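First up is the structure itself, then whatever we jot down about it.
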Protein chains: 2
Amino acid sequence: MARHPSRGETAVEGRTPTVYDVADRASVSIATVSRVLRTPEAVREATRERVLAAVRDLGYVPSGNARALAGRKTGVIGLCFPDHDALEEEDRPAGAGAGGVRVVDDRRRGAAPSSPNLYFDEVLRGAEAEAWRRGFALMVAAGRGPARDVVVNDVAGRCDGLAVLARTVSDELLTHVARRLPVVLLADAARAGGDLPDGLDHVSVDNAAGMQALVAHVVSGLGVRDVVYVAGPADSPDDAERQRGLLAALDAAGLDRAAVEHVRGDFRRDAADVAVTGLLGRRVPRALVCANDQSALGAMDALRRRGLRVPDDVYVTGFDGLDVGRFTQPPLTTVAQPMAELGRAAVRAVVARLTDPAAAPLSARLPVEVLLRESCPPVDTPM
Amino acid sequence: MARHPSRGETAVEGRTPTVYDVADRASVSIATVSRVLRTPEAVREATRERVLAAVRDLGYVPSGNARALAGRKTGVIGLCFPDHDALEEEDRPAGAGAGGVRVVDDRRRGAAPSSPNLYFDEVLRGAEAEAWRRGFALMVAAGRGPARDVVVNDVAGRCDGLAVLARTVSDELLTHVARRLPVVLLADAARAGGDLPDGLDHVSVDNAAGMQALVAHVVSGLGVRDVVYVAGPADSPDDAERQRGLLAALDAAGLDRAAVEHVRGDFRRDAADVAVTGLLGRRVPRALVCANDQSALGAMDALRRRGLRVPDDVYVTGFDGLDVGRFTQPPLTTVAQPMAELGRAAVRAVVARLTDPAAAPLSARLPVEVLLRESCPPVDTPM
DNA sequence: TTGAAAGCGCTAACAG
DNA sequence: CTGTTAGCGCTTTCAA
């Protein structure tokens with residue numbers, strides 16, 4: 001007895017075909033259709049051919065949702081980011097546009113703000129690659145505005161596991177969601193220690209060690225005493241870790257921690273520009289150690305406007321290893337994070353947890369690399 | 001009579017909670033639970049509170065798949081890319097890494113290959129933003145290797161609509177999939193005309209006009225006669241369009257088309273490097289017009305190794321408007337595509353089609369912008 | 001090798 | 001305002 005009595009032998013035009021339609025057309029049961037798609041070798045060749053033909057004729061594409069529901073797993077991994085830098089745009093009509101060209105002299109635009117999220121892009125790329133390699137689809141969600149929690153909750157419902165970047169959602173939601181599926185936290189190094197929701201897995205980079213090595217180069221290698229730190233947002237665990245590295249380097253060099261002034265940025269270029277401009281109104285330090293690359297770019301903007309040269313007048317360092325740092329004038333000394341690898345590692349961690357739910361909580365710590373470039377060069381060529 | 005008689009009043013430990021569990025705990029029916037989640041105002045306050053409490057207590061997250069199945073729509077839009085540049089990596093153990101730092105002198109590395117897919121990254125970002133703004137989740141898939149079709153088919157089954165970049169999958173699969181859900185083709189300008197699978201929507205940029213304007217600048221503006229074109233892959237519709245623009249510009253300037261030599265690249269930096277190196281073994285043209293920015297970077301690599309200066313000895317132009325072009329030495333003259341906008345427009349097109357399946361096929365054509373920078377400067381300052 | 005039947009977890013009429 | 005009842009399209013025993 002057909003479960004769908006309304007379905008006769010002929011597929012109703014306009015409805016998307018289902019297993020039933022294929023089964024009808026191939027004169028087999030829906031079970032056989034399913035087998036042809038999942039375990040072809042379990043079906044006699046002739047039957048298989050018939051089914052496949054029906055699939056083609058009907059334009060049948062199996063419903064991933066039904067599959068997921070019946071199979072009790074989605075085959076999807078979710079990746080959640082914090083807000084993009086308010087990337088919002090107005091509604092532009094997308095009508096059959098006319099095309100067109102404008103020619104502009106782009107020489108004097110200086111270094112206009114580069115696209116905001118290189119960092120996430122790279123993480124995403126790594127995650128994407130790894131997910132597909134492992135046979136999972138990847139769903140991305142940049143939580144924007146107050147709806148972040150809602151969005152993440154939504155994504156959680158569609159995935160087998162989740163990778164969430166630091167500071168994307170409230171701890172509350174994180175805990176809630178983690179009860180239902182494996183959640184891996186990314187780049188939230190400072191919290192790997194303790195106050196994390198129960199036994200979440202965790203992947204991060206060695207912020208502190210990276211910053212420590214970098215600052216060691218500045219104070220011990222180059223012998224700089226007059227350093228200013230351009231900090232990140234107060235609530236950033238990453239920044240906190242980097243500050244720890246900074247202090248550790250000062251201690252190791254026998255310097256007074258208080259000797260290093262901090263100015264507050266928020267990881268964004270323009271904010272750092274403003275902050276450093278303010279600083280320069282008072283004094284010009286020998287070195288600006290910035291919490292991230294974007295900030296370093298902003299710092300260089302400010303220095304340039306003041307007519308100060310890098311590295312001759314002021315050393316500048318960043319953190320992240322954005323590609324753009326290789327092309328700035330001068331190239332930017334920085335600490336390179338393995339961003340794509342971070343994405344990869346996160347997906348691996350999710351998959352591992354899926355495979356063995358009972359395994360001990362993982363806390364992977366990826367190594368970083370200090371890249372000495374002209375903005376704060378190696379010792380052998382100080383200039 | 002309960003549909004799930006096995007479910008008593010107590011949620012079985014270890015099973016992910018469902019509507020039934022929540023309903024039990026709140027002493028309501030599953031319908032009420034569903035209402036609380038979807039149309040809260042349709043439920044009495046007291047009841048609602050109880051249900052919400054149960055949701056929290058149980059750690060309930062609704063199954064997106066069940067929702068999609070019952071609601072006959074997924075709320076997901078898929079975005080499919082062609083292969084990344086063989087970004088494959090070996091399995092590295094992701095164990096509880098030890099962290100670490102390496103310090104390297106990065107000054108002489110020259111312009112090492114920058115990350116490969118800036119272009120897609122930007123498109124992706126635009127698509128992601130627009131999708132969420134419209135209330136859709138975004139699923140990404142970079143079809144790698146021969147499994148591309150499989151992957152796309154898989155994604156198709158999970159989405160309400162699909163945006164597919166040119167050359168990602170076979171036409172056959174495209175047609176097949178398009179029978180089931182709306183498919184928007186991206187950046188496949190050359191085919192907007194005719195041989196597309198029936199009535200697919202289409203979003204692209206004005207490749208031809210952009211290249212024509214750029215080359216007009218080179219031949220008419222700067223008066224260059226000796227031009228070599230560094231082409232893209234032979235099967236790239238985008239490259240084909242750009243070549244059309246090139247020829248149009250030559251025609252307009254009254255030049256012989258045959259006067260412009262073509263060397264074959266494939267959009268990748270290293271390939272262009274090799275091709276141009278070969279070319280330079282024979283002769284040094286006054287201008288190298290490259291099919292895309294990556295190729296232009298490769299061309300500049302080759303020129304640099306030969307000790308040739310840009311723009312003094314050779315003009316170089318790219319196409320795409322990658323951010324990195326603003327930071328190269330010299331900055332790269334190029335045609336900027338609105339990449340993020342391309343992603344946005346694609347998602348808008350999918351949503352539009354979903355909203356009105358009967359609408360006439362859309363073929364949006366986004367405007368481009370010629371950015372004259374030092375590698376091939378404006379006329380008023382030739383050097 | 002194939003078919004019948006029982007769900008997967010949720011939404012959406014339709015009653016009450 | 002709330003409960004009952006069909007499915008949504010597929011996978012998966014269990015039999016035949």
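Note that this is a predicted model, so its numbers are computed, not measured.
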Open item on the list: Taking the side chain as everything from C-beta on, heavy atoms only, tell me whether A/Val151 gets closer than 4.5 Å to A/Arg148.
Closed with: no

Task: Student check: side-chain heavy atoms of B/Tyr60 and B/Leu37 closer than 4.5 Å - done: yes

- [ ] Could you check B/Arg48 against B/Gly71 and say which one's nearest nucleotide on DNA chain D is further toward the 5' end?
- [x] B/Arg48

Task: Lys/Arg N to Asp/Glu carboxylate O, B/Asp160 vs B/Lys73, below 4.0 Å - done: no

Task: Whole-Å gap separating P (C/dG9) and CZ (B/Arg38) - done: 17 Å

- [ ] May I ask you to say what A/Arg35 touches in the nucleic acid, namely base, sugar-phosphate or nothing, with a heavy-atom cut-off under 4.0 Å?
- [x] base

- [ ] Check every strand shown and say whether B/Thr32 touches a base, only sugar-phosphate, or nothing at a heavy-atom separation below 4.0 Å.
- [x] sugar-phosphate

Task: Presence of A/Thr47 side-chain N/O under 4.0 Å of C/dT1 phosphate oxygens OP1/OP2 - done: no

Open item on the list: Could you tell me how far apart B/Asp24 (CG) and C/dG9 (P) are, to the nearest whole angstrom?
Closed with: 13 Å

Task: Lys/Arg-Asp/Glu bridge criterion (N-O < 4.0 Å) met for A/Arg125, A/Glu128 - done: no

- [ ] Using atom CG of A/Asp160 as one end and atom C1' of C/dC8 as the other, report the distance to the nearest whole Å.
- [x] 14 Å

Task: B/Arg44 side-chain N/O to D/dC1 phosphate OP1/OP2 under 4.0 Å - done: no

Task: Selected nucleotide, minimal atom distance to A/Ala31 side chain, candidates C/dG9, D/dC10, C/dG3 - done: C/dG3

Task: Among C/dC10, C/dA4, D/dT11, the nucleotide that comes nearest once only the side chain of B/Pro62 is considered - done: C/dC10

TODO: Please determine if a side-chain N or O atom of A/Tyr20 lies less than 4.0 Å away from the OP1 or OP2 oxygen of C/dA4.
DONE: no

Open item on the list: Can you see if the side chain of A/Arg72 gets near the phosphate of C/dC8 - specifically, an N or O under 4.0 Å from OP1 or OP2?
Closed with: no

- [ ] Remember a base hit wins even if backbone is also touched, and classify B/Ile30 as base, sugar-phosphate or nothing at under 4.0 Å, heavy atoms.
- [x] base

- [ ] Among D/dG3, C/dT2, D/dG9, find the nucleotide with the atom closest to the side chain of A/Val43.
- [x] C/dT2

- [ ] Could you check how far CG of B/Leu69 sits from P of D/dA6, rounded to whole Å?
- [x] 18 Å

- [ ] Have a look at A/Val28 and say if it touches a base, only the backbone sugar-phosphate, or nothing, with a 4.0 Å heavy-atom cut-off.
- [x] sugar-phosphate

TODO: Check whether any side-chain N or O of A/Thr18 sits under 4.0 Å from OP1 or OP2 of D/dG9, and answer yes or no.
DONE: no

- [ ] Report the distance from atom CG of A/Asn65 to atom C1' of C/dG9, rounded to the nearest whole Å.
- [x] 12 Å

TODO: Please figure out whether B/Ala42 or B/Ala68 has its closest DNA chain D nucleotide nearer the 5' end.
DONE: B/Ala42

- [ ] Rounded to the nearest angstrom, tell me the gap between atom NZ in B/Lys73 and atom C1' in C/dC10.
- [x] 13 Å

Open item on the list: Minimum heavy-atom separation for A/Val155 and A/Gly78, please, with both atom names.
Closed with: CG1-CA, 4.2 Å

- [ ] Using a cut-off of strictly less than 4.0 Å, decide whether B/Ser34 has a side-chain nitrogen or oxygen near OP1 or OP2 of C/dT11.
- [x] yes

Open item on the list: How long is the straight-line distance from CG of A/Asp154 back to CE of A/Met139, given to the nearest 0.5 Å?
Closed with: 8.5 Å

TODO: Find the distance B/Leu181:CG to D/dG9:C1' and express it as a whole number of Å.
DONE: 15 Å

Task: Gap between atoms CD and P, on A/Glu41 and C/dT2 respectively (whole Å) - done: 13 Å

